[in-house]
Number of protein chains: 2
Amino acid sequence: MQATESVTAADIVGALRRRGMRITPQRQAIVAEVMRTRGHISPAEIARRVQSQMPGVNPSTVYRTLAMLESAGILAHAHLEQGAEYHHAGEEGHVHLVCARCAAEEDLSVQEARSLARLIGRHHGFRPDLTHFAISGLCKSCQEFLDS
Amino acid sequence: MQATESVTAADIVGALRRRGMRITPQRQAIVAEVMRTRGHISPAEIARRVQSQMPGVNPSTVYRTLAMLESAGILAHAHLEQGAEYHHAGEEGHVHLVCARCAAEEDLSVQEARSLARLIGRHHGFRPDLTHFAISGLCKSCQEFLDS
DNA sequence: GTATATGCAAAGGTTTTGCACAGCC
DNA sequence: GGCTGTGCAAAACCTTTGCATATAC
């Protein structure tokens, strides 16, 4: 049920080489930083972290690398409340539920995501990508808090 | 079925007065601009339009006014591909479907939105606000184009 | 050696903030 | 008259772009 989970940095380097992309120390650091991140991370935050361990890496390099990794199908970005955030592309059906009050995050299961997509698909044949935007709302505990 | 549609600028002025907010020419212009907009509009675009007909209005005033109108429940913002966009809070169940390829926009019906919300609600009791983020995907014609 | 990636610098754009002044009530 | 809102200026961010240099292959 989950076989796409174990993507290593080595796999990515291989994929880049196969595409004729060059493996630079900067790219290695950026890839490593994203790999070590569970969930999502903003470009600016990646830039900050990479710079703290490899000073001199320019933000523009980070942005260009992220765009390249996305067009290579290795990363994807989603829109959360505070802006764009990157995550491993392998995390299929990764639908973000974000509580508007406490910012807690949950994920929809792959099965649930499919049901949703099917329901929306009936509307004019639109095929949704539910992973691209988060879904805002109220988590259970915040609902209870507000109802009391 | 649609009674919340006909909110006038006068209604808003009244609501503000009731809350003890002051009615300035700038606020009137900003409210008028949002009211005349069908669908959504970005803060920067509001600033541009308001300035073009009332030069001297500062962007910071626009941002402060929009935040005020949102906390008063008169406006709400949603996240589309290019960032935050404001719309009348009255537009209930206004779920944006945006085509990732051609940027065409459709809306989900109130009924469809309810079905979706119910489905998501089963997940840990999360109560979604599907109006807050757009839903990305491919419209029917772009699917057909890509499949050929 | 050559094509590609990086650093640098600059610019562009959006949004926020502090403060003195203006103006709504 | 007093309190609130506005303009102004500055700054904080984030992100993009052109160009010369460095470097992976």
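Numbers restart at 1 for each chain; the letters A, B, ... are given by sequence-line order, proteins then strands.
Taking five base pairs at each end of the helix from C/dG1-D/dC25 to C/dC25-D/dG1, the local helix axes there meet at an angle of 30°, rounded to 10°.
Both A/Arg48 and A/Ser60 sit near DNA chain D, but only A/Arg48 has its closest nucleotide nearer the 5' end. When each of B/Met68 and A/Arg22 is assigned the nucleotide of DNA chain D bearing its nearest heavy atom, the one mapping closer to the 5' terminus is B/Met68. Residue-to-nucleotide proximity on DNA chain C shows that, of A/Arg64 and B/Pro43, the 5′-proximal contact is made by A/Arg64.
Between D/dT6, D/dC25, C/dC24, one nucleotide has an atom nearer to the side chain of B/Gln26 than all others, and that is D/dT6. In the set D/dC8, C/dT16, C/dT6, the nucleotide with an atom closest to the side chain of B/Asn58 is D/dC8. Proximity note for A/Arg27 (side chain, C-beta onward) versus C/dC25, C/dA5, D/dT16: the nearest is C/dA5. Of the candidate nucleotides C/dC25, D/dA24, D/dC25, D/dA24 has the atom lying nearest to any side-chain atom of A/Thr24. You'll find that the side chain of B/Ala44 is closest to C/dT15, out of C/dA5, C/dT15, D/dT6.
Across all strands shown, B/Gly20 has no heavy atoms under 4.0 Å from either base or sugar-phosphate atoms. Within the 4.0 angstrom heavy-atom criterion, only backbone atoms of the sugar-phosphate kind lie near A/Gly56; the bases stay farther away.
Summarising the geometry, the separation between CD on A/Gln82 and C1' on C/dT16 is reported as 17 Å, rounded to the nearest angstrom. Note: CD (A/Glu45) to P (D/dT15) measures 12 Å, nearest angstrom. Rounded to whole angstrom, the span from the CG atom of B/Leu16 across to the C1' atom of D/dG5 amounts to 13 Å. Look at CZ on A/Arg18: it is 17 Å from C1' on D/dC25, rounded to the nearest Å. Rounded to an integer number of Å, the gap from CD of B/Gln51 to C1' of D/dG7 is 11 Å. C/dT6 atom P lies 7 Å from atom CD1 of A/Ile30, rounded to whole Å. Regarding B/Ile23, its CD1 atom lies at a distance of 12 Å from the C1' atom of D/dT4, rounded to whole Å. For the pair A/Met54 CE and C/dG7 C1', the computed distance is 14 Å after rounding to whole Å.
Close placement of the A/His96 and A/His40 rings is indicated, their centers lying within 6.0 Å of each other.
Distances shown here put a side-chain N or O of A/Tyr63 below 4.0 Å from the OP1 or OP2 atom of D/dT15. An OP1 or OP2 oxygen of C/dC25 is reached within less than 4.0 angstrom by a side-chain nitrogen or oxygen of B/Arg17.
Follow the hydrophobic side-chain contacts under 4.5 Å out from B/Ile46 and you reach B/Met35 in the same cluster.
Interatomic distance, A/His94 NE2 to A/Leu130 CG, rounded to the nearest 0.5 Å: 13.5 Å. One distance of note links CD1 of B/Ile12 with CG of B/Leu69; it measures 7.0 Å at 0.5 Å rounding. Considering CG of A/Leu116 and CG of A/Leu108, their distance stands at 5.5 Å, rounded to 0.5 Å.
A tilted orientation is assigned to the rings of A/Phe133 and B/Phe133, their planes being inclined by 30° to 60°.
Not a single salt bridge (charged side-chain N to carboxylate O under 4.0 Å, His left out) links B/Glu70 to another residue, sequence neighbours left out.
For B/Ser141 and B/Glu144, the side-chain atoms include no donor-acceptor pair closer than 3.5 Å.
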